[in-house]
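Please read all numbers here as calculations on a predicted model, not as lab measurements. Excluded from the calculations below are hydrogen atoms, water molecules and symmetry mates; all remaining heavy atoms, backbone and side chain alike, are included.
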Amino acid sequence: MNDHLKNTSDLRIAIIGAGTMGNGIAQVCALAGLPVTLVDISDTALERGLATLSSNLERQLNKGLISEADKQAALSRIHPQTSYGALAGSNLVIEAATENLDLKRQILALIEEGTEPDALIASNTSSLSISQLASALGNPERFIGLHFFNPVPLMTLVEVIRGLQTSEATHARALEFAEHVGKTAISVRNSPGFVVNRILCPMINEAIFVLQEGLASAQDIDTGMQLGCNHPIGPLALADLIGLDTLLAILETFYRDFGDPKYRPASLLKEMVAAGYLGRKSGCGFHVHA
């Protein structure tokens, strides 16, 4: 299985979703010299994702991290498409859609229809069960979780999550891919939230409870954790970066799947999401963002 992935330089990547995670994954793949087909439902979504990607490359250029030639070469490797027919020929497809189980399962079924039987299929889910997602496929052995972290170009970790059905060959190829694009991979068993979010999200949720109870301001909570625990960013600022809607979806998954009240989302978080205060993506969350 996946014999044509033995040489990672032969990888042909397709990414479903040109949003924050999708365009970030596309960027690191393209900079690593890999051709990327970037698929989304509309030209508008693709244009928005490519504009963000180009801006991020320009930022790297201005910091001296890449050259102008690197930037132009990376952009030339990315091919935007609105049709799943464009997946033909890809040997690794990464689904990076909204954190919604039914939507992801529908997308995975479409990916399977559009790819060769030995192509790897991965999900960038941050909390959903890999085993459950894999059940949408006729050949679940080729499915794996590849959980990149936001912002993808800066964060070096990838959680490689094996479902119950994932084969050894698929796991090995996923690790090779992560190394090829310059990431550090950790292998994780399938469980809600995997490792990092299982630890991180309840901590952020507790910070929201602290704010909700009026124990301190958002700025003081963040300063306390930065200076008292040596965290590079405070938990509420990090929530804004992640996106409060994404954080809420993860916590609701924990609460449902574990059945443990310690994972219940803070009511303030639910109210802010309902009001459209989503963090940096909306310009306002626990902090105001220009």
*Asks:* Over all heavy atoms of both residues, which pair between Ala26 and Leu53 is shortest? Give the atoms and the distance, please.
*Replies:*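 Nearest pair, atom of Ala26 first, then Leu53: CB-CD1, 4.0 Å.
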*Asks:* For Phe209, does the CZ atom have more than 12 heavy-atom neighbours from other residues, nucleotides or ligands under 6.0 Å away?
*Replies:* yes
*Asks:* I want to check something: taking the side chain as every heavy atom from C-beta on, are Thr20 and Val152 in contact at a cut-off of under 4.5 Å?
*Replies:* no
*Asks:* On a heavy-atom basis, which atom in Ala174 and which in Leu120 lie closest, and how many Å separate them?
*Replies:* N-CD2, 4.1 Å
*Asks:* What residues, two or more places apart in sequence or in another chain, satisfy side chain to side chain contact (heavy atoms under 4.5 Å, CB included) together with Leu227?
*Replies:* Thr223
*Asks:* Got a sec, which residues hit side chain to side chain contact (heavy atoms under 4.5 Å, CB included) with Glu168, two or more places apart in sequence or on another chain?
*Replies:* Arg162
*Asks:* So, does Glu179 use its side chain to make a donor-acceptor pair with the main chain of Thr184 at under 3.5 Å?
*Replies:* no
*Asks:* Yes or no on side-chain contact (heavy atoms from CB on, under 4.5 Å) for Met155 and Leu157, after CA distance, side-chain angles and deciding distance?
*Replies:* CA-CA 6 Å; Met155 302 296 282; Leu157 182 69; 5.9 Å; no
*Asks:* For residues 76-87, tabulate all N or O donor-acceptor pairs below 3.5 Å that involve a side-chain atom, not counting sequence neighbours.
*Replies:*
residue : atom : partner : partner atom : Å
Ser76   : OG   : Ala73   : O            : 2.6
Arg77   : NH1  : Ala30   : O            : 2.7
His79   : NE2  : Arg77   : O            : 3.4
Ser83   : OG   : Gly85   : N            : 3.0

*Asks:* Look only at the side chain of Asn23 and the backbone of Gly19, and say whether a donor-acceptor pair between them is shorter than 3.5 Å.
*Replies:* yes
*Asks:* Determine yes or no for a side-chain-to-main-chain donor-acceptor pair under 3.5 angstrom, with Asp240 supplying the side chain and Ala237 the backbone.
*Replies:*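 Checking the backbone N and O of Ala237 against the side chain of Asp240, no donor-acceptor pair under 3.5 Å is found.
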*Asks:* If hydrophobic clusters are built from ILVMFWY residues whose side chains come within less than 4.5 Å, do Leu92 and Leu31 share one?
*Replies:* yes
*Asks:* Do Leu248 and Thr246 pass the side-chain contact (heavy atoms from CB on, under 4.5 Å) test, and can you show the C-alpha distance, the side-chain angles, and the key distance before you say yes or no?
*Replies:* CA-CA 5 Å; Leu248 178 60; Thr246 301; over 6 Å; no
*Asks:* Minimum heavy-atom separation for Pro235 and Met203, please, with both atom names.
*Replies:* CB-CE, 4.1 Å
*Asks:* Tell me whether Ile242 is reachable from Leu251 by hopping between hydrophobic residues (I, L, V, M, F, W, Y) whose side-chain heavy atoms are closer than 4.5 Å.
*Replies:*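 Both belong to a single hydrophobic cluster.
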*Asks:* Who passes side chain to side chain contact (heavy atoms under 4.5 Å, CB included) against Ala249, sequence neighbours left out?
*Replies:* none
*Asks:* Listed by chain and number, what are the salt bridge (Lys or Arg N to Asp or Glu O under 4.0 Å) partners of Glu112, not counting sequence neighbours?
*Replies:*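 Arg142.
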*Asks:* For the residue pair Leu108 and Ile121, establish whether any side-chain heavy-atom pair is separated by less than 4.5 Å.
*Replies:*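 The answer is yes, as the side chains (C-beta and beyond) meet within the 4.5 Å cut-off.
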*Asks:* Say whether Ile13 and Leu50 are linked into one hydrophobic cluster, either directly or through other cluster members, by side-chain heavy-atom distances under 4.5 angstrom.
*Replies:*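 Linked, Ile13 and Leu50 end up in one cluster.
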*Asks:* Is the closest side-chain heavy-atom distance between Thr253 and Leu128 below 4.5 Å?
*Replies:*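 Yes, at least one pair of side-chain atoms sits under 4.5 Å.
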*Asks:* How far does CG of Leu200 sit from CG of Leu238, to the nearest 0.5 angstrom?
*Replies:* 5.5 Å
*Asks:* Are Ile130 and Val188 linked, directly or through intermediate hydrophobic residues, by side-chain heavy-atom contacts shorter than 4.5 Å (ILVMFWY only)?
*Replies:* yes
*Asks:* If you take all heavy atoms of Phe254 and Cys201, which pair is closest and at what distance?
*Replies:* CE2-CB, 4.2 Å
*Asks:* Scan for salt bridge (charged side-chain N to carboxylate O under 4.0 Å, His left out) pairs involving residues 275-290, sequence neighbours excluded, and state none if there are none.
*Replies:* Asp245-Lys281
*Asks:* Measure the spacing between CD1 of Ile204 and CG of Leu236 and express it to the nearest 0.5 Å.
*Replies:*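 The CD1 atom of Ile204 sits 8.5 Å away from the CG atom of Leu236.
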*Asks:* Between Leu211 and Ile233, is there shared hydrophobic-cluster membership here, with clusters defined by ILVMFWY side-chain heavy atoms closer than 4.5 Å?
*Replies:*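 Yes; tracing contacts between hydrophobic side chains, which count when under 4.5 Å, links both residues.
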*Asks:* Would you say the side chain of Leu75 lies within less than 4.5 Å of the side chain of Leu57, judging by non-hydrogen atoms?
*Replies:*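 Of all side-chain heavy-atom pairs linking Leu75 with Leu57, at least one is under 4.5 Å.
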*Asks:* Do the side chains of Asn91 and Leu11 get nearer than 4.5 Å, heavy atoms only?
*Replies:*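 Of all side-chain heavy-atom pairs linking Asn91 with Leu11, at least one is under 4.5 Å.
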*Asks:* Hey, does the side chain of Gln165 reach the backbone of Phe143 with a donor-acceptor pair shorter than 3.5 angstrom?
*Replies:* no
*Asks:* Among Val160, Ile94, Leu133, which residue meets the side-chain contact (heavy atoms from CB on, under 4.5 Å) test with Ile144?
*Replies:*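 Only match with Ile144 under side-chain contact (heavy atoms from CB on, under 4.5 Å): Val160.
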*Asks:* Suppose the criterion is side chain to side chain donor-acceptor pair (under 3.5 Å): which pairs have a residue in residues 96-109, not counting sequence neighbours?
*Replies:* Glu95-Lys104, Glu99-Thr125, Glu99-Ser126, Glu99-Ser127, Arg105-Ser135
*Asks:* Working note: Ser123 + Leu146, criterion side-chain contact (heavy atoms from CB on, under 4.5 Å); need CA distance, chi angles, decisive distance, verdict.
*Replies:* CA-CA 6 Å; Ser123 176; Leu146 284 173; over 6 Å; no
*Asks:* So, Ser90 side chain and Val93 main chain: donor-acceptor pair closer than 3.5 Å or not?
*Replies:*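 No, the answer is negative, given that no donor and acceptor are paired below the 3.5 Å cut-off.
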*Asks:* Indicate yes or no for a side-chain donor-acceptor contact from Ser54 to the backbone of Ala51 under 3.5 Å, with no hydrogens or angles considered.
*Replies:* no
*Asks:* Between the main-chain N or O of Leu215 and the side-chain N or O of Asp220, is there a donor-acceptor pair closer than 3.5 Å?
*Replies:* no
*Asks:* Quick one: pull up CD1 in Ile66 and CD in Gln72 and give me the separation to the nearest 0.5 Å.
*Replies:* 9.5 Å
*Asks:* Look up atom CD in Glu206 and atom CD1 in Ile221, then write down how far apart they are to the nearest 0.5 Å.
*Replies:* 10.5 Å
*Asks:* Which pair of heavy atoms, one from Ala239 and one from Leu244, lies closest together, and at what distance?
*Replies:* O-CD2, 3.5 Å
*Asks:* For Glu58, what residues pass the side chain to side chain contact (heavy atoms under 4.5 Å, CB included) criterion, not counting sequence neighbours?
*Replies:* Leu61, Asn62, Lys71
*Asks:* Applying ring-ring contact (aromatic ring centres under 6.0 Å, His included), which residue pairs with at least one partner in residues 144-167 are found, sequence neighbours left out?
*Replies:*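 Residue pairs passing ring-ring contact (aromatic ring centres under 6.0 Å, His included), neighbours aside: His147-Phe149.
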*Asks:* Just checking, is any N or O donor in the side chain of Thr52 or Ser55 under 3.5 Å from an acceptor N or O on the other one?
*Replies:*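 Side-chain D/A pair, Thr52 to Ser55: absent.
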*Asks:* Determine whether more than 12 heavy atoms belonging to other residues, nucleotides or ligands lie under 6.0 Å from atom CD1 of Ile41.
*Replies:* no
*Asks:* Output every pair passing side chain to side chain donor-acceptor pair (under 3.5 Å) with a member in residues 258-267, not counting sequence neighbours, ordered by first then second residue.
*Replies:*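 As it turns out, the side chain to side chain donor-acceptor pair (under 3.5 Å) pairs with a partner in residues 258-267, which skip direct neighbours, are Arg198-Tyr263, Gln212-Ser267.
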*Asks:* Return each pair, listed once, that meets side chain to side chain donor-acceptor pair (under 3.5 Å) where at least one residue sits in residues 27-50; pairs must be two or more places apart or across chains.
*Replies:* Gln27-Gln60
*Asks:* Please report the interatomic distance CD1(Ile208) to CD(Glu213), rounded to the nearest 0.5 Å.
*Replies:* 12.0 Å
*Asks:* Can you find a heavy atom in the side chain of Gln132 that is under 4.5 Å from one in the side chain of Leu101?
*Replies:* yes
*Asks:* Give the C-alpha distance, both sets of side-chain angles, the deciding distance and a yes or no for side-chain contact (heavy atoms from CB on, under 4.5 Å) between Arg12 and Val36.
*Replies:* CA-CA 6 Å; Arg12 298 179 299 279; Val36 179; over 6 Å; no
*Asks:* Kindly say whether Leu278 contributes a backbone atom to a donor-acceptor pair with the side chain of Ser282 at under 3.5 angstrom?
*Replies:* yes
*Asks:* Just grab all the salt bridge (charged side-chain N to carboxylate O under 4.0 Å, His left out) pairs involving residues 221-233, residues at least two apart or on different chains.
*Replies:*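 Qualifying pairs, neighbours excluded: none.
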*Asks:* Looking only at non-hydrogen atoms, find the nearest pair between Ile161 and Asn190 and report the distance.
*Replies:*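 Closest approach of Ile161 to Asn190, heavy atoms only: CG2-CA, 3.8 Å.
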*Asks:* Mark yes or no for whether Thr115, through its side chain, and Ile111, through its backbone, hold a donor-acceptor pair below 3.5 Å.
*Replies:*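 Indeed, once roles are kept as given, a pair shorter than 3.5 Å links the two residues.
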